[in-house]
Structure formats: C-alpha cells, structure tokens
Amino acid sequence: MKIYEYNAFPNPRRVRIFLAEKGIDGIEFEQVNVPEGEHRKAPFLAKNSFGTVPTLEMENGTCISETVAICRYFEERQPEPALMGESPEEKAEIEMWQRRVEQTMFNSISTYFHHGTPGLGKLETYQNEEWGKKNKEMFLDAMERMDAHLSDKIFFVGEKPTIVDITALCAIDFGGFVELSIPAELKNLTRWYEAMSIRPSASA
Ligand SMILES: N[C@@H](CCC(=O)N[C@@H](CS)C(=O)NCC(=O)O)C(=O)O
C-alpha cells in the first residue's frame, strides 16, 4: 500500500495527521512533484484521473483519491481511536462539521491561494483576482463562524479530536502560509488552534 502525495501541501497533510492520530504507521509515501506538474502527466493520471494528491494505491492496484475517502478507508480498517464518530448521531454531526469546515474554510483558502496569490505559478491556467479576493473574505468570515462555534467547546465535535479538527488545522495553517493568520480577536479559535498545534500529530 502506498500514498502518493506532495508533503508540503495541505490535503496530503490531512491524511498524514489522520494516520498519526490513529497510530497507523508503516505506510509507504511517494512524492509526486506537483510544482513541476508531475501530477498532470500520464503515469499519475492513470492512478487519479483528476490529477490531485493525495492518492492511495492498494496492493491490488485499486486507487482511491479524495482526502476524506482515504481517511474513511483507514477508519473502517482500524476503527480505534474513532476520528469519524462512533454512534449514528456522532457520525452525522462529524460529517456535518467536516463538510462545513471543508466548504467554508478549506475550499476558500485554497481558492484564494490559486486566484489571489501566484498559486502554483506556471501551472495556473486561469486566475481571477476578484474571485481570489472574494474567497479571502469568505475565509475570514468562516474563521469568525468557527470561533463562535468553539466558544464553549474544546474540539469541534465531542471531547476528542476528529477529522473536523484535522481539516480545520490544515486550513488555518494554509492560511498562515498565504499570510492570513487567525485574527487576534478570535480568542476561541486561537485557543483551539494552539491546542491542536502542539499535538504530536501536527508535525506528521
Ligand atoms: N478534493 C481533493 C482535493 C485535492 C487537492 O486539490 N490537492 C492539491 C494539493 S493540496 C493538488 O493536488 N493540487 C494540484 C493542482 O491544483 O493542480 C481532496 O480532498 O483530496
């Protein structure tokens, strides 16, 4: 089993943190040179026609892409510690927040990166500065919403970290990379972020 990734980028990091929180090791990683466009060439496209990392390749050659699908695979293989919920209620609540964090934080900071900054440079085929600016606002707005959500919570859902916290941590660090750190007045988000950042998994 092998995971194709580019370790400087946030989606592969989500999977690495997920594996670290589960205590799963021994997985082989192979770097795909995304800045040089290796992910858009035939050998990699044969594994993931959407040309994105991470991609998990199983022993039988089956390839799974999409970060959450890869996490789901490992969650099913090794349910403990549960990072995607145990009871039907927990699973649904985690999925709700996972989607919210992904759609409002992760996707907006990613779109800002591609449109509001040089992004992937020579690999960017279309950039729309206005759309980048809008997504910067959306990311800042999402951080405010998440700050309000965390006002009486340690983690996004329940008493332990879940995939939601991992997605949010990677989105916020991606924000820091493009100079959009958490505004100082967002005290709940800052407290949560500091707690997540010192977990050993954060450096996976
Ligand atoms: N929805 C996908 C997104 C994956 C994705 O966009 N990965 C980035 C790296 S963080 C990538 O491969 N980008 C290549 C590109 O934009 O050309 C997932 O959840 O895995």
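Computed from heavy atoms alone, side chains included, the values below leave out hydrogens, waters and symmetry copies. Every number for a ligand or one of its atoms is a count from 1 in the order of the listing.
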How far is [atom] from its nearest protein heavy atom, and which residue and atom is that?
atom                   : result
atom 9 (C) of ligand 1 : Phe9 CD2, 3.6 Å
atom 8 (C) of ligand 1 : Val53 O, 3.8 Å
atom 3 (C) of ligand 1 : Asn11 ND2, 3.7 Å
atom 1 (N) of ligand 1 : Glu66 OE1, 2.7 Å

Evaluate the ring planes of Phe44 and Tyr4, with Trp represented by its six-membered ring, and classify them as parallel (under 30°), tilted (30 to 60°) or perpendicular (over 60°).
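Perpendicular, since the angle between the ring planes exceeds 60°.
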Please work out whether the ring planes of Phe156 and Trp192 are parallel, tilted or perpendicular, with thresholds of 30° and 60°.
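Ring orientation of Phe156 relative to Trp192: perpendicular.
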Taking the six-membered ring of Phe106, is the NZ or CZ of Arg14 close enough (under 6.0 Å from the centre) and on axis enough (within 45°)?
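That pair qualifies as a cation-pi contact.
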Against ligand 1, does [X] come closer than 4.0 Å with any heavy atom?
X      : answer
Glu102 : no
His114 : yes
Ser65  : no

When you check the gap from the basic side-chain N to the acidic O, do Glu137 and Lys133 get nearer than 4.0 Å?
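No salt bridge links Glu137 with Lys133.
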Centroid-to-centroid, Phe174 to Phe113, below 6.0 Å?
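Yes, close enough.
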Quick one: look at Leu120 and ligand 1, take heavy-atom pairs under 4.0 Å, and tell me if it's side chain, backbone, both or neither.
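Side chain only.
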Linked, directly or transitively: Ile27 and Tyr73 (ILVMFWY side chains, under 4.5 Å):
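Ile27 clusters together with Tyr73.
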Proximal candidate to atom 19 (O) of ligand 1 [heavy atom criterion; set Thr67, Asn107, Thr52]
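Looking at heavy atoms only, Thr67 sits closest to atom 19 (O) of ligand 1.
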Subset of ligand 1 atoms that lie under 4.0 Å from at least one heavy atom of Arg40:
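Answer, ordered by atom number: 15 (C), 17 (O).
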Grab the two heavy atoms, one from Glu38 and one from Gln31, that are nearest each other, plus how far apart they are.
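Closest pair (atom of Glu38, atom of Gln31, distance): OE1-O, 4.3 Å.
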Does some non-hydrogen atom of the protein lie less than 4.0 angstrom from atom 17 (O) of ligand 1?
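There is a protein heavy atom less than 4.0 Å from atom 17 (O) of ligand 1.
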Taking atom NZ of Lys134 as the centre, does the number of heavy atoms from other residues, nucleotides or ligands within less than 6.0 Å exceed 12?
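For Lys134, atom NZ is not crowded (no more than 12 foreign heavy atoms under 6.0 Å).
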